Amino acid sequence: MIYCVEDDDGIRGLMSYALTAAGFEVRGFPDSGGLFEAIRSEPPQLILLDIMLPGEDGLSILKRLRAHTATAGIPVIMATAKGTEYDKVTGLDMGADDYIAKPFGMTEMVSRVKAVLRRCAPKEENIVEAGGLRMNTGERTVTADGGRVDLTYKEFELLRLFLSRPGMVFTREQLLAEVWDVEYAGETRTVDMHIKTLRQKLGKSGSMIKTVRSVGYRLEASE
């Protein structure tokens with residue numbers, strides 16, 4: 001089930017038609033009214049969420065979704081006005097899984113929905129270890145020096161990427177592409193902010209994530 005939150009009846013109808021034709025069940029909402037009640041009765045696989053909505057805007061709705069355990073893991077694609085860099089970066093910082101700029105084609109929208117669902121699908125259990133870090137990708141859990149560490153979705157994906165290729169230097173642009181699935185558009189503070197909080201949460205193990213001056217970051221596994 002895909003939920004579409006879009007106040008324009010015509011656009012919402014086209015979105016519902018395209019997604020239904022692609023094999024998805026769809027429910028549409030013109031605003032936040034009824035959305036959370038519907039989520040409680042039938043949690044969706046993904047939410048397509050417009051930022052510009054009457055009453056409560058999309059960013060406020062996203063914040064509410066990410067603030068509660070029951071809804072924090074629902075993938076969200078934000079619909080932003082074309083060229084609105086602030087809305088795009090803010091949405092990603094707040095935990096959106098992807099964004100799509102208006103006006104968009106229905107084929108592109110369906111492709112993005114499928115891509116996010118593939119990325120967020122449950123994965124087989126796999127244990128990755130380096131130094132004092134231990135990651136279970138199936139359960140999406142991390143321990144550092146034996147202690148459980150609670151990470152956000154993006155922090156977890158950053159750490160998983162580093163652990164998958166220890167010693168490899170990742171540019172900020174590569175991290176944006178790999179973890180946020182967006183092309184570099186002159187804004188990399190999102191990466192730096194997430195690296196900073198990731199290091200803090202990992203404690204002394206956070207020092208394994210090294211800054212490579214003028215390039216990016218890499219993970220150096222301690223012996």
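Note that this is a predicted model, so its numbers are computed, not measured. All values below were derived from every heavy atom in this structure, side-chain atoms included, with hydrogens, water molecules and symmetry-related copies excluded.
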Distance col, row Lys102:NZ vs Met52:CE, nearest 0.5 angstrom, shows 9.0 Å
Practice problem: Take Leu49 and Leu59 through the test side chain to side chain contact (heavy atoms under 4.5 Å, CB included) and record every step on the way to the result. | Solution: CA-CA 9 Å; Leu49 180 59; Leu59 292 175; over 6 Å; no
Check whether any side-chain N or O of Thr137 sits under 3.5 Å from a backbone N or O of Asn126 as a donor-acceptor pair, and report yes or no. yes
Excluding Val215, membership of its hydrophobic cluster (Ile, Leu, Val, Met, Phe, Trp, Tyr; side-chain heavy atoms within less than 4.5 Å) reads Val169, Val212
Is the shortest distance from a Lys or Arg side-chain nitrogen in Arg160 or Glu178 to a carboxylate oxygen in the other one below 4.0 Å? no
Residues passing the salt bridge (Lys or Arg N to Asp or Glu O under 4.0 Å) test with Lys201, sequence neighbours excluded, are Glu155
Hits for salt bridge (Lys or Arg N to Asp or Glu O under 4.0 Å) against Arg27, two or more places apart or cross-chain, chain-then-number order -> none
The residue among Arg118, Arg112, Lys114 that forms salt bridge (Lys or Arg N to Asp or Glu O under 4.0 Å) with Asp98 is Arg112
Just wondering, do Leu62 and Ile47 contact through their side chains at under 4.5 Å, heavy atoms? no
Apply the test side chain to side chain contact (heavy atoms under 4.5 Å, CB included) to residues Tyr217 and Leu198: give CA-CA distance (whole Å), side-chain angles for both, the deciding distance (0.1 Å), then the verdict. CA-CA 12 Å; Tyr217 300 95; Leu198 177 59; over 6 Å; no
Distance col, row Leu159:CG vs Leu202:CG, nearest 0.5 angstrom, shows 6.0 Å
For Tyr153 and Arg119, the nearest pair of non-hydrogen atoms, with its separation, is OH-O, 3.9 Å
task = Kindly indicate whether the side chain of Glu157, heavy atoms from C-beta on, has any atom under 4.5 Å from the side chain of Trp180.
result = no
Side chains of Thr211 and Arg199: do they bring a donor and an acceptor to under 3.5 Å?
yes
By salt bridge (Lys or Arg N to Asp or Glu O under 4.0 Å), Asp93 pairs with (sequence neighbours left out) Arg189
Under 4.0 Å between a side-chain nitrogen and a carboxylate oxygen: does that hold for Glu56 and Arg64? yes
Sorted by chain and number, sequence neighbours left out, ring pair (Phe, Tyr, Trp, His ring centres under 6.0 Å) with Phe162 holds for Phe170
Between Arg66 and Ala72, is there a donor-acceptor pair closer than 3.5 Å when you use the side chain of the first and the backbone of the second?
yes
Notebook entry, point to check: Would a hydrophobic clustering, with Ile, Leu, Val, Met, Phe, Trp and Tyr connected at side-chain separations under 4.5 Å, put Tyr17 with Phe29?
Noted result: no
query = Taking the side chain as C-beta and beyond, is there a heavy-atom pair between Glu220 and Lys210 under 4.5 Å?
reply = yes
- prompt: Hey, does the side chain of Glu139 reach the backbone of Thr141 with a donor-acceptor pair shorter than 3.5 angstrom?
  reply: no
Mark yes or no for whether Arg148, through its side chain, and Thr143, through its backbone, hold a donor-acceptor pair below 3.5 Å. no
Notebook entry, point to check: Does the side chain of Gln45 come within less than 4.5 Å of Pro75's, by heavy atoms?
Noted result: no
Decide side chain to side chain contact (heavy atoms under 4.5 Å, CB included) for Leu53 and Ile61; before the verdict, give the C-alpha distance in whole Å, the side-chain angles of both, and the deciding distance to 0.1 Å.
-> CA-CA 10 Å; Leu53 293 170; Ile61 294 172; 3.8 Å; yes
For Phe24, the hydrophobic cluster (side chain heavy atoms closer than 4.5 Å, chained through members) also holds Ile2, Ile11, Leu14, Met15, Leu19, Val26, Leu46, Leu48, Ile77, Ile100, Phe104, Met106, Met109, Val110, Val113, Val116, Leu117
- Query: Salt-bridged, Arg172 to Asp192, with N to O below 4.0 Å?
  - Reply: yes
dist Thr90:OG1 -> Met78:CE (nearest 0.5 Å) comes out at 9.5 Å
Given Ile51 and Tyr99, is the side chain to side chain contact (heavy atoms under 4.5 Å, CB included) satisfied, shown in steps?
CA-CA 10 Å; Ile51 285 184; Tyr99 77 97; over 6 Å; no
Task: Heavy atoms of other groups near Glu108 CD, more than 12 under 6.0 Å - done: yes
Between Leu158 and Val179, the two heavy atoms sitting closest are CD2-CG2, 3.9 Å
In this structure, CG of Leu133 is separated from CG of Leu219 (nearest 0.5 Å) by 7.0 Å
In this structure, CD of Glu6 is separated from OG of Ser16 (nearest 0.5 Å) by 10.0 Å
Next on the checklist: Strictly below 4.0 Å, N to O, side chains only: are Arg40 and Glu37 in salt-bridge contact?
Outcome noted: no
- Message: Has Tyr3 got a side-chain atom pairing as donor or acceptor with Ala38's backbone, closer than 3.5 angstrom?
- Response: yes
Task: Under 3.5 Å: donor-acceptor pair, side chain of Ser60, backbone of Asp57 - done: no
_With a 3.5 Å distance limit and no angle check, can you tell me whether Asp50 reaches the backbone of Val5 through a side-chain donor-acceptor pair?_
no
Rounding to 0.5 Å, atoms CD (Glu129) and CG (Asn136) come to a distance of 10.0 Å
